> 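This is the structure I have questions about; it appears just below.
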Protein chains: 2
Amino acid sequence: MRRDLDLQARQILKTAKLYCTAGRVAVLRVLLRADKPLRQDQIAKRLGKKRFNKVTIYRTLESLLRVGLVHKAFMAERAWHFELAHNCSETQCHPHFTCTKCGSTHCLTGMSLPMVKSPHKGFHIHRQQTRLEGLCPACA
Amino acid sequence: MRRDLDLQARQILKTAKLYCTAGRVAVLRVLLRADKPLRQDQIAKRLGKKRFNKVTIYRTLESLLRVGLVHKAFMAERAWHFELAHNCSETQCHPHFTCTKCGSTHCLTGMSLPMVKSPHKGFHIHRQQTRLEGLCPACA
DNA sequence: AGAAAATTTGCAACTTAGTTGCAAATTCGG
DNA sequence: CCGAATTTGCAACTAAGTTGCAAATTTTCT
Ligand SMILES: [Mn+2]
Ligand SMILES: [Mn+2]
Ligand SMILES: [Zn+2]
Ligand SMILES: [Zn+2]
């Protein structure tokens, strides 16, 4: 049902009041299907036939970020990782688990951690993000 | 008491069985005095008179990382940030707070969050790291 | 539909963080 | 002080991300 995905992407873009362009639809489709945060080069690869300039991909992600559809996820690597924000609440993104052995990363959606409460006077915490390290099922 | 700091750095290096070189002592001194994670260029600046090649600084940090004296802290920026690991437990580094208004980052040492427990079967969590966003006392 | 306005795209050139190979310099252990 | 082990600086390189601008596309207006 890729037609479905396409329609979904277009609908999302329309709702966000973003121009519905080929690039945006394609990138959004990739992100809708992704199960973990992706780098721009990974997104490019998954675009397959539909090639876009990397600048375009970055700018597309930027626009999706701007309207809050996408988050930059917090990885230990050099490059940025992007993912849809739809598994995140107002105050926290779901935790990400990275296996220290095989390097794979998993989104731990569905678990919400207790919100940290400000310990030092005067700090107002709006959002929190947690990264976990350890061994994944395959490596344990 | 900069002589003190120097001696402390040398002692630390000796204990870690690392060659006690000018570069390492200098970088370690900077980190010992730092109150937040620093990028290599920030470290370089703080070295002041004592100039070192940036490659040397990166390699120095690498060696400190190798023996666990230093951590890469988790920032939303492009460049890596380093800090001493002495405010971290075996299972978690202290949380870092970044102000969304002024951009300043604060180490929230002294608060230990409850360790996340693995929700999905098979995941073994060894370490966790938390990043907080909000308004700092000055900006609130 | 057709035209004008607004936005996005590709390209090429650029910036910056971090890496690598290698020869010269430094550190350490005896 | 000597020799082996390690670190350093340099120069060249890689890779991620950015910028300006003209051409192409999408949307809006009539
Ligand atoms: Mn995720
Ligand atoms: Mn810290
Ligand atoms: Zn694994
Ligand atoms: Zn602030």
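The shown structure was predicted, so the numbers you read here are calculated from the model rather than taken from an experiment. Just so it is clear, the values below take in all heavy atoms, side chains as well, and ignore hydrogens, waters and symmetry mates. Residue numbers begin at 1 in each chain, while the letters A, B, ... track the order of the sequences.
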> If I take atom CG in residue B:Leu18 and atom P in nucleotide C:dC28, what distance separates them, rounded to the nearest angstrom?
10 Å
> Tell whether B:Arg59 reaches the base of C:dG18 with its side chain through a donor-acceptor pair below 3.5 angstrom.
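There is none.
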> Among A:Cys88, A:Ser89, A:Ser112, which one satisfies side-chain contact (heavy atoms from CB on, under 4.5 Å) with A:His94?
A:Cys88
> Would you check if the side chain of B:Arg24 reaches a backbone N or O of B:Tyr19 as a donor-acceptor pair within less than 3.5 Å?
yes
> Determine: side-chain N/O of B:Tyr19 to OP1/OP2 of C:dC28, distance under 4.0 Å, yes or no.
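Negative; the distance criterion is not met.
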> Give the rounded distance in Å between these two atoms: CD1 of B:Ile57 and P of C:dG18.
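B:Ile57 atom CD1 is separated from C:dG18 atom P by 12 Å.
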> With a 4.0 Å limit, can you tell me whether A:Thr21 has a side-chain N or O closer than that to the phosphate oxygens OP1/OP2 of C:dT9?
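Checking C:dT9 against A:Thr21, a side-chain N or O does come within under 4.0 Å of OP1 or OP2.
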> Tell me whether A:Asp41 is salt-bridged to A:Lys45, with the criterion being a basic N under 4.0 Å from an acidic carboxylate O.
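Looking at A:Asp41 and A:Lys45, the cut-off is not met.
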> Rounded to whole angstroms, how far apart are NZ on B:Lys72 and P on C:dA17?
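Those two atoms, NZ and P, are 15 Å apart.
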> Could you tell me if B:His106 and B:Ser104 have a donor-acceptor pair between their side chains, going purely by distance under 3.5 Å?
yes
> What's A:Thr60 touching, base or sugar-phosphate or nothing? Going by heavy atoms closer than 4.0 Å.
sugar-phosphate
> Assuming nearest nucleotide by heavy-atom distance, tell me which of B:Ala22 and B:Glu62 is located more 5' along DNA chain C.
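The 5'-side residue here is B:Glu62.
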> Check the distance between D:dA15's P and A:Lys54's NZ and give it to me in whole angstrom.
11 Å
> Is it the case that A:Gln92 and A:His126 place a side-chain donor and acceptor less than 3.5 Å from each other?
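On atom types as modelled, these side chains do not qualify, holding no pair under 3.5 Å.
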> Go through C:dT20, C:dG18, C:dT9 for me and flag the one nearest to the B:Val55 side chain.
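The closest nucleotide is C:dT20.
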> Could you point out which residue of B:Lys50, B:Arg46, B:Gln8 forms a side-chain contact (heavy atoms from CB on, under 4.5 Å) with B:Arg29?
B:Lys50
> Name every residue in residues 76-84 of chain B that has at least one heavy atom under 4.0 Å from any atom of DNA chain C, in order of residue number, or write none if there are no such residues.
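Only B:Arg78, B:Ala79, B:Trp80 qualify.
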> Find the distance A:Leu13:CG to C:dT8:P and express it as a whole number of Å.
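After rounding, the gap between these two atoms is 11 Å.
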